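First the proteins, then the strands, lettered A, B, ... as listed; each starts at 1. Not measured: the values here are computed from a predicted model.
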Amino acid sequence: MGCAGILSVRFSAFSGGVFGEMGGDFYNPVMHTSPFDPSAFPTATEGGEHQSNLSDSPLLANLNVEQLAAVTLPAEHALVLAGAGSGKTRVLTTRIAWLLQTGQISSSGVLAVTFTNKAAREMVARLSAMLSLRVQGMWIGTFHGLCNRFLRAHHTLAHLPAGFQVLDVQDQLSAIKRLCKQFGVDTERYAPKVLQGFISANKEDGLRPEAVPAKDLDTRKKLEVYRLYEEQCQREGVVDFGELILRSYELLRDHASVREHYRRRFAHVLIDEFQDTNRLQYEWIKMLVGAPGGESSGGCILAVGDDDQSIYAFRGARVGNMFDFVREFGVQHHIKLEENYRSGSHILDCANALIGHNRERLGKNLRTSQGTGEMVRVFEATPNGQHSGDFIEAAWIVEEIRHLADGGWPLREIAVLYRSNAQSRVIESALVQVGISYRVYGGLRFFDRAEIKNALAYLRLIENPHDDTSFLRVVNFPPRGIGLRTLEQLQDVAQSRGCALSDAASALDGRPGRIVQTFVDSLHEMRSTVQGLRLGQVVERVLDRSGVLEHYRNDREGADRVANLEELVHAAEGFAAAEGLDPIVHTDLSSEEPSVLALFLTQAALEAGDNTAQSAQEGVQLMTVHSSKGLEFDAVFLTGLEEGLFPHDNALSDRAGLEEERRLMYVAITRARSRLVLSHAQTRMLHGQTRYNLRSRFLDELPEHAVRWITARKAASPSAPMASSRQPVAPTAQRPAQDEAGLRVGQKVFHNHFGEGEVLRLDPQAGHAQVSFTRHGVKWLALAIAKLTPVD
DNA sequence: AGCTTCAGACTGAAA
DNA sequence: GTCTGAAGCT
């Protein structure tokens with residue numbers, strides 16, 4: 001599967017980031033030896049207004065005025081508004097390097113937090129390149145990675161076992177399902193997914209069950225599940241993602257000495273992508289630093305973010321944290337990074353004009369000294385007799401890509417972006433048609449694959465026999481004839497005795513009981529046979545003894561899975577060295593030190609791998625706009641710019657939703673270096689039916705001077721006949737009157753192509769009508785395009 | 001007990 | 001149109 005590269009990079013590049021120097025790194029405020037690299041020592045900065053004064057400092061060379069100001073800020077709280085492509089990461093890393101080199105702090109006095117492992121890795125890599133000191137042991141990582149590290153160090157105070165494990169979303173859901181079954185929760189009324197959302201959302205708001213207002217019966221029921229879930233996790237020694245942060249927060253809150261220690265220690269706290277932080281993450285930061293006026297104020301915060309790129313409100317991100325931060329910390333230093341080093345001014349003009357339609361902004365305008373660059377083009381795909389608009393759109397884009405490729409543009413520098421994953425399919429098949437290779441982002445990640453999760457479940461059971469989630473996952477995998485019946489009995493016994501499933505096995509009798517007992521025995525056997533082996537060997541042996549590997553070998557479609565399992569062995573083999581750990585596994589269940597196996601399993605949960613479906617081959621990159629954030633490409637094709645799709649129907653109910661959609665569009669536009677092509681289709685196959693869509697309102701918000709409206713001039717592919725040569729659409733073409741044609745629900749209508757039908761629903765805001773046609777089924781139509789005649 | 005079929009969903013997604 | 005998850009069949 002070619003995951004070798006991905007894995008080895010992942011496990012080595014972040015070495016020490018999470019686990020390095022565990023223990024010794026904590027209650028040990030003693031500084032590292034001097035971090036100075038004499039050759040890079042800067043001269044006095046004199047307030048640092050002009051870079052010319054600093055030409056002899058390689059670190060600060062080539063920074064623009066704003067970047068320099070941000071890097072050399074005094075040790076006070078500050079907010080940096082960093083526009084897209086403005087050198088944000090460079091500022092963050094140079095700031096850290098500058099603080100270290102000027103001797104203002106030691107490397108143990110810095111805490112830098114990001115959202116993704118990728119961002120953390122990049123920061124570590126850039127710092128290593130700038131500094132001669134060991135970046136490994138520094139507190140640079142994700143919110144969850146750092147909190148994990150923190151809880152490991154203080155696991156006793158946190159009431160957790162040394163080798164506590166981290167539940168990912170899948171594990172969490174199955175834990176909740178199991179709990180529902182056990183306590184007879186009506187899962188028709190309270191879907192496990194909903195309960196999971198409820199629990200996570202509350203944790204991310206920093207709320208334990210007792211703190212959530214039980215306003216109605218429904219909420220009370222959910223709270224009961226929340227409580228039971230917490231008990232279950234505690235009993236099994238596992239934590240979910242939210243718990244990592246919530247418990248770290250509470251630990252700091254409840255233990256003054258620990259709090260004081262870290263507040264004294266971290267003189268500088270740097271936060272990346274601040275607009276994406278949720279309430280709990282912000283509270284954690286505040287607890288770590290101490291709000292002004294509190295009993296002890298700690299270090300200073302440098303928050304870097306861009307309110308215009310806030311696109312994760314749906315998962316709890318609060319742009320409001322930016323405003324709160326300024327208010328609560330009395331932030332005096334506001335720096336805007338507005339110079340963009342990525343795109344020409346036509347592209348930036350589009351971005352600025354578009355985002356100017358948003359009301360709730362801190363305010364910021366991207367500029368460039370690069371010149372205008374290419375015009376931004378807009379393509380409208382018109383359906384023909386054989387193909388719907390999305391097909392024509394895809395074919396046209398692929399043709400354009402082929403031209404680019406012929407012209408020497410590297411394929412990996414070309415991206416096709418879309419609003420929702422469902423759109424990738426048409427584009428993929430168009431690419432396959434002409435034989436252009438591509439990569440799709442958004443598939444399963446390595447550690448989320450079923451075979452890997454099965455293998456990890458065995459390893460977890462070796463580490464912790466009380467992990468019932470893992471027990472249930474593999475008690476009948478590979479199949480050994482244990483059915484639901486048996487498991488229910490087992491769970492009953494475990495519940496009445498208050499013990500783990502694996503300890504309840506002996507109470508069962510009959511054939512099923514013997515099978516379960518054999519399974520439990522084999523786990524014991526594996527646990528003892530594995531002692532003293534290297535981690536890689538441990539994984540290998542468990543894959544063998546558990547029968548997992550054999551099971552996939554016998555599966556005629558299991559070749560990929562076998563390869564992935566081999567990859568897992570390889571990853572385990574390299575893990576210890578990369579983390580600077582002893583590779584020998586000792587799973588002493590009462591140990592105060594987590595075993596290397598426990599750390600490996602945690603790593604797997606906290607860093608599940610790139611979510612790219614294909615291997616890292618050269619190819620056009622396909623992804624959603626969301627996952628394109630932070631990336632850049634020479635050429636960007638942004639597809640499906642249609643009302644209902646982008647902005648998406650589900651986001652249109654309120655102003656905030658629309659503004660987030662617009663920010664999403666802003667993110668997409670600012671990905672392009674030199675070429676940006678926007679496209680929309682008049683008709684699109686969606687959910688197995690044809691939809692008629694108006695072009696996106698966002699297209700009408702772009703400035704005329706920077707945009708060229710085009711239509712197809714030639715056949716997009718041999719099989720696709722001429723797209724009709726319509727006149728370029730005027731950018732200001734009128735939107736349909738809301739009540740056009742006087743339609744109402746239940747109205748009988750006639751359509752030239754589909755014949756007779758009845759209006760099922762109306763969406764006046766979007767100008768859409770859903771019509772059930774007698775002969776062609778249910779379709780959504782855009783009233784401006786479809787000609788509907790009312791019939792009586 | 002395990003496989004197959006059928007209904008229903010379906011914006012976005014890090015750790 | 002395609003994937004997931006639960007009920008039905010062998």
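In this structure, A:Phe314 packs face-to-face on the six-membered ring of B:dG12, meeting both the 5.5 Å centre cutoff and the 30° plane limit.
Considering every non-hydrogen atom in both A:Leu472 and A:Gln491, the closest pair reads CD1-NE2, 3.9 Å. In terms of heavy-atom proximity, A:Val416 sits nearest to A:Ile427 at CG1-CD1, 3.7 Å.
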Worksheet entry | Per-nucleotide protein contact string for nucleotides 1-10 of chain C (B base, S sugar-phosphate only, - none; heavy atom under 4.0 Å) | BSS-------

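C:dC3 and B:dA14 are spaced 23 Å apart, taking the C1' atom of each and rounding to whole Å. Distance noted for atom C1' between C:dA6 and B:dT11: 25 Å (whole Å). Between C:dG5 and B:dG12, the distance separating the two P atoms is 16 Å to the nearest Å.
Contact check, A:Asn117 against B:dA15: a side-chain N or O comes under 4.0 Å of OP1 or OP2. A sub-4.0 Å separation between OP1 or OP2 of B:dA13 and a side-chain N or O of A:Ser627 is present. Under 4.0 angstrom from either OP1 or OP2 of B:dC10 there lies no side-chain N or O belonging to A:Asn650. OP1 or OP2 of B:dA15 has at least one side-chain nitrogen or oxygen of A:Arg445 nearer than 4.0 Å.
Taking the side chain of A:Glu661 as heavy atoms from C-beta on, and the options B:dA14, B:dT11, B:dG2, the nearest nucleotide is B:dT11. Candidate nucleotides B:dA13, B:dA15, B:dT11 were compared by shortest atom distance to the side chain of A:Phe241, and B:dA15 ranks first.
Here the two rings, on A:Phe646 and A:Tyr418, have centers that are 6.0 Å apart or farther. A distance below 6.0 Å separates the ring centres of A:Tyr552 and A:Phe477. Taking the centre of each ring, A:Tyr441 and A:His626 stay at or above the 6.0 Å mark.
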Fill in: Watson-Crick and G-U pairing of DNA chain B, under 3.5 Å, as dot-bracket with | and [ ]
||||||||||.....

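Remark: A:Asp306 does not engage A:Arg663 in a salt bridge, criterion side-chain N to carboxylate O under 4.0 Å. For the pair A:Asp390 and A:Arg691, the salt-bridge criterion is not met [side-chain N within less than 4.0 Å of a carboxylate O]. Here A:Glu643 pairs with A:Arg697 in a salt bridge; the nearest charged N to carboxylate O distance falls below 4.0 Å. Electrostatic pairing of A:Glu283 and A:Arg279 does not count as a salt bridge here, judged by no charged N lying under 4.0 Å from a carboxylate O.
When rounded to the nearest whole Å, the span between CG of A:Leu631 and C1' of B:dA13 equals 14 Å. A:Leu244 has its CG atom 13 Å from the P atom of B:dA15, to the nearest Å. Here the C1' atom of nucleotide B:dT11 and the CG atom of A:Leu652 are 11 Å apart, to the nearest Å. Rounding to whole angstrom units, CZ of residue A:Arg485 and P of B:dG2 are separated by 15 Å. Summarising the geometry, the separation between CZ on A:Arg149 and C1' on B:dA15 is reported as 17 Å, rounded to the nearest angstrom. We find that CG of A:Leu606 is positioned 20 Å from P of B:dA13, with the value rounded to whole Å.
Taking the nucleotide of DNA chain B with the nearest heavy atom to each of A:Thr116 and A:Asn421, the more 5' of the two is matched to A:Asn421. Positionally, the nearest nucleotide of DNA chain B for A:Thr486 lies more toward the 5' end than for the other of A:His626 and A:Thr486.
Among the heavy atoms of the strands lying under 4.0 Å from A:Asn476 are primed sugar atoms or P, OP1, OP2 only; no base atom is included.
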Solution key, residues 190-199 of chain A side-chain donor-acceptor pairs under 3.5 Å, sequence neighbours excluded:
unit_1, atom_1, unit_2, atom_2, d
A:Tyr190, OH, A:Asp218, OD1, 3.1
A:Gln196, NE2, A:Val169, O, 2.9
A:Gln196, NE2, A:Gln172, OE1, 3.0

Name the atoms and distances for all side-chain donor-acceptor pairs under 3.5 Å in residues 510-518 of chain A, with sequence neighbours left out.
unit_1, atom_1, unit_2, atom_2, d
A:Gln517, OE1, A:Ser506, N, 3.2
A:Gln517, NE2, A:Asp521, OD1, 3.1
A:Thr518, OG1, A:Arg514, O, 2.7

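Judged as a salt bridge (charged side-chain N to carboxylate O under 4.0 Å, His left out), the pairs with a partner in residues 236-247 of chain A (not counting sequence neighbours) are, in order, A:Arg178-A:Glu236, A:Lys203-A:Asp240, A:Lys203-A:Glu243, A:Arg208-A:Glu243, A:Glu243-A:Arg247.
A side-chain contact (heavy atoms from CB on, under 4.5 Å) with A:Phe150 is found for exactly one of A:Ile245, A:Leu244, A:Leu252, A:Leu288, namely A:Leu252.
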Show me the protein contacts with nucleotides 3-8 of chain B, counting only N or O atoms at under 3.5 Å.
none

